[in-house]
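What follows is one structure encoded as structure tokens, with my remarks underneath.
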Amino acid sequence: QVQLVESGGGLVQAGDSLRLSCAASGRTSSVYAMGWFRQAPGKEREFVAGISRSGGSTDSVKGRFTISRDNVKNTVYLQMNSLKPEDTAVYYCAAASRWYLPQSSREYDYWGQGTQVTVSS
């Protein structure tokens with residue numbers, strides 16, 4: 001089993017920045033890909049960014065969000081810049097054991113409890 005704990009969410013104003021962290025513990029050697037998803041009220045959970053153990057990454061919020069990973073600390077980060085009100089959501093960290101970088105929530109095996117990000121206009 002792998003446990004994921006997110007931190008760093010909060011209430012910010014439009015244009016501000018936040019950095020989310022996700023610390024993994026347990027059988028972290030089984031984790032290849034880690035990702036961030038978000039879910040706004042009344043909407044489906046959507047892929048934000050993902051990163052492989054080797055550092056390859058992909059994201060859906062071009063130019064504003066950056067994902068990074070510290071394999072020594074077993075921690076993944078999401079740097080969010082120029083935040084907009086439409087970025088308001090609960091942000092979830094996820095981990096996958098598959099040997100590729102999935103973008104579907106169904107392909108992730110472990111999930112954190114989520115951290116709220118609220119961006120006011």
Side-chain angles (χ1 to χ4, degrees):
Q1 288 285 353
V2 175
Q3 294 78 43
L4 304 174
V5 178
E6 302 103 331
S7 61
L11 172 64
V12 297
Q13 293 186 335
D16 286 350
S17 297
L18 273 178
R19 189 177 80 155
L20 305 182
S21 299
C22 172
S25 60
R27 290 191 60 193
T28 57
S29 61
S30 68
V31 172
Y32 176 75
M34 296 189 74
W36 287 98
F37 289 77
R38 66 184 180 185
Q39 187 166 20
K43 295 187 177 181
E44 293 186 355
R45 191 169 297 189
E46 65 173 349
F47 176 80
V48 175
I51 188 166
S52 69
R53 184 179 293 169
S54 60
S57 65
T58 186
D59 60 74
S60 65
V61 188
K62 302 296 183 183
R64 295 196 297 123
F65 292 7
T66 303
I67 190 170
S68 61
R69 180 172 179 169
D70 185 330
N71 288 331
V72 174
K73 296 182 178 179
N74 290 316
T75 300
V76 64
Y77 305 95
L78 184 68
Q79 178 67 43
M80 305 185 294
N81 298 326
S82 302
L83 284 162
K84 304 176 180 180
E86 51 264 41
D87 295 319
T88 295
V90 177
Y91 283 70
Y92 296 91
C93 176
S97 300
R98 292 162 176 76
W99 288 94
Y100 57 92
L101 186 53
Q103 298 189 34
S104 168
S105 61
R106 293 188 296 271
E107 297 179 280
Y108 282 81
D109 306 296
Y110 307 100
W111 291 87
Q113 81 287 354
T115 184
Q116 177 71 48
V117 172
T118 303
V119 185
S120 63
S121 57

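As the structure is a prediction and not an experimental result, all values here were calculated from the model.
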Quiz prompt | Gap between atom CZ of R38 and atom CG of L78 - 0.5 Å precision | solution = 9.5 Å
Quiz prompt | Geometric cation-pi criterion R45 and F37, 6.0 Å radius, 45° cone | solution = no
Self-check item: Atom pair OG1/CG of T75 and L4 - distance to nearest 0.5 Å
Solution: 10.0 Å
Quiz item: Which atom names give the shortest non-hydrogen contact between N71 and R69, and what distance separates them?
Solution: OD1-NE, 2.8 Å
Quiz item: From M80 CE over to R19 CZ, what is the distance, rounded to the nearest 0.5 angstrom?
Solution: 11.5 Å
Quiz item: Taking all non-hydrogen atoms of both residues, which atom of P102 and which atom of F47 are closest, and how far apart?
Solution: O-CE1, 3.8 Å
Quiz item: Going hydrophobic residue to hydrophobic residue with side-chain gaps under 4.5 angstrom, can you get from V61 over to V12?
Solution: yes
Quiz item: So which heavy atom on V2 is nearest to which on S30, and how close?
Solution: CG2-OG, 4.0 Å
Exercise. Evaluate the side-chain proximity of S97 to Y110: yes if any heavy-atom separation is below 4.5 Å, no if none is.
Key: yes
Quiz item: At their closest point, which heavy atom of T28 faces which heavy atom of R53, and how far apart are they?
Solution: O-NH2, 4.0 Å
Quiz item: Rounded to the nearest 0.5 Å, how far apart are OG of S52 and CH2 of W99?
Solution: 10.0 Å
Quiz item: Counting distance only, does the side-chain N/O of D16 pair as donor-acceptor with the main-chain N or O of L83 below 3.5 Å?
Solution: no
Exercise. Starting at SG of C22, measure out to CD of E6 and round the result to the nearest 0.5 Å.
Key: 5.5 Å
Quiz item: Should F65 and V119 be counted in the same cluster of Ile, Leu, Val, Met, Phe, Trp and Tyr side chains packed under 4.5 Å apart?
Solution: yes
Quiz item: Should the pair R64-D59 be classified as a salt bridge under the 4.0 Å nitrogen-to-oxygen rule?
Solution: no
Quiz item: How close do K43 and Q39 get, heavy atom to heavy atom, and via which atoms?
Solution: O-NE2, 3.1 Å
Quiz item: Once you round to the nearest 0.5 Å, how far does CG of L20 lie from CD of Q79?
Solution: 9.0 Å
Quiz item: Minimum heavy-atom separation for A33 to Y108, with atom names?
Solution: O-CE2, 4.2 Å
Exercise. List in chain and number order the residues that pass ring-ring contact (aromatic ring centres under 6.0 Å, His included) with Y91, two or more places apart in sequence or in another chain; answer none if no residue qualifies.
Key: none
Quiz item: Parallel, tilted or perpendicular for W111 and Y92, by the 30°/60° rule?
Solution: perpendicular
Exercise. Please name the residue in the list S21, C93, S68, S57 that meets the side-chain contact (heavy atoms from CB on, under 4.5 Å) test with V76.
Key: C93
Quiz item: Should the heavy atoms of other residues, nucleotides or ligands under 6.0 Å from CD of E86 be counted, would the total exceed 12?
Solution: yes
Practice problem: Verify, without hydrogens or angle tests, whether S121 (side chain) and P85 (backbone) share a donor-acceptor contact under 3.5 angstrom. | Solution: no
Quiz item: Heavy atoms, side chains only, cut-off 4.5 Å: are L11 and Q116 in contact?
Solution: no
